Amino acid sequence: KNIVILISGGGSNMAAIVRAAQRDDWRRRHDAQVVAVISNRADAGGLAFARSQDIATEVVDHKAFASRELFDEALARAIDAHRPALVVLAGFMRILTPAFVARYAGRLLNIHPSLLPAFPGLHTHQRAIEAGCKFAGATVHQVTSDLDHGPILEQAVVPILAGDSADRLAERVLTQEHLIYPRAIAALLPTLPGASHAS
Ligand code: GRF
């Protein structure tokens, strides 16, 4: 089963998933591998890591397309070339069209740095601090056309400590993201259709 990961930046979540898929216990349990990392930005730091792991990389630059629909169509073509059983958004900073989301329904995941349904959208850590929250966290969810609101697969919670800055809190949450994303994917894989040599 092929996994395609979409990034826009550093790709630390992508790297955590790649690392998890390289472990023996994963390989024993799943006939699944990360086959491509695609970014909408040529300067995404994560592309270098993917290349270092001999994973195919591709850039589909959203600025090169006249509309969101045309970009999404080009992105879907790049993704489909790898015949994915699962498409993973990991720090992918584009809002996808309903047509794109419908195309991958049930096999399209995202990670959001808040305890959804609290704090959808951007600047989640600053907002949680300003709201006086005692806890923050991250959510892995199925992507639907309702932004940041699809069925929840995994969550992790961290404390918000006195004097926390958004950056300190982001670091604490990101550590947990790197744990729950591979776990959510491993749990979902056996439920996905797709050629698997095993069985
Ligand atoms: C993380 O906060 C993640 O929750 C959000 O994008 C940020 C960067 O992720 N989706 P990554 O390091 O590029 O995976």
Side-chain angles (χ1 to χ4, degrees), residues 3-22 34-53 55 57-62 75 79 84 86-96 100-101 104 108-131 133 135-161 164-186 188:
I3 300 170
V4 172
I5 305 181
L6 275 55
I7 65 170
S8 296
S12 71
N13 275 288
M14 172 271 297
I17 296 162
V18 167
R19 287 280 184 234
Q22 291 170 341
V34 178
V35 297
V37 171
I38 300 174
S39 179
N40 62 308
R41 297 176 56 109
D43 64 351
L47 292 170
F49 174 81
R51 290 183 193 122
S52 78
Q53 304 300 307
I55 295 169
T57 60
E58 189 167 350
V59 174
V60 182
D61 182 343
H62 60 278
L75 185 63
I79 291 167
L86 182 63
V87 181
V88 172
L89 307 180
F92 187 68
M93 303 310 278
R94 293 279 303 173
I95 294 176
L96 295 159
F100 181 98
V101 171
Y104 298 107
L108 180 60
L109 302 184
N110 184 44
I111 190 159
H112 180 78
S114 80
L115 294 170
L116 291 176
F119 305 116
L122 299 174
H123 313 302
T124 59
H125 303 307
Q126 192 55 42
R127 290 159 60 198
I129 292 168
E130 286 168 1
C133 294
F135 295 95
T139 304
V140 178
H141 62 96
Q142 297 263 10
V143 174
T144 64
S145 49
D146 188 359
L147 184 68
D148 295 338
H149 277 78
I152 291 172
L153 298 183
E154 286 271 356
Q155 289 192 310
V157 65
V158 301
I160 296 178
L161 304 175
D164 258 349
S165 64
D167 287 351
R168 278 301 313 278
L169 179 53
E171 276 171 34
R172 195 172 307 130
V173 172
L174 199 57
T175 302
Q176 295 302 313
E177 292 179 33
H178 298 162
L179 300 176
I180 64 172
Y181 220 165
R183 189 182 307 151
I185 291 169
L188 186 68

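Because only heavy atoms are used, hydrogens play no part in the values below, and waters and symmetry mates are left out as well, while side chains stay in. Just so you know, these numbers come straight off a predicted model, no measurement behind them. Counting starts at 1 for both ligands and their atoms, in listed order.
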Contacts table for ligand 1: protein N or O within a distance under 3.5 Å of ligand N or O, distances only.
| residue | atom | partner | partner atom | Å |
| --- | --- | --- | --- | --- |
| ligand 1 | 4 (O) | E177 | OE1 | 2.7 |
| ligand 1 | 4 (O) | E177 | OE2 | 3.0 |
| ligand 1 | 10 (N) | I111 | O | 3.2 |
| ligand 1 | 12 (O) | S12 | N | 3.1 |
| ligand 1 | 12 (O) | S12 | OG | 2.6 |
| ligand 1 | 13 (O) | G11 | N | 3.0 |
| ligand 1 | 14 (O) | S12 | N | 3.3 |
| ligand 1 | 14 (O) | N13 | N | 2.8 |
| ligand 1 | 14 (O) | N13 | ND2 | 3.0 |

Out of [options], which one pairs with [X] under the side chain to side chain contact (heavy atoms under 4.5 Å, CB included) rule?
X: H178; options: T175, L174, I180; value: L174
X: V34; options: L86, I17, V88, I185; value: I17
X: V60; options: L6, I79, N40, L75; value: L75

Test salt bridge (charged side-chain N to carboxylate O under 4.0 Å, His left out) applied to D164 - qualifying residues, sequence neighbours left out: R172

Flag side-chain contact, heavy atom, 4.5 Å: H149 against H141: no

Sub-4.5 Å side-chain heavy-atom contact between V143 and L109: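 Not in contact.
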
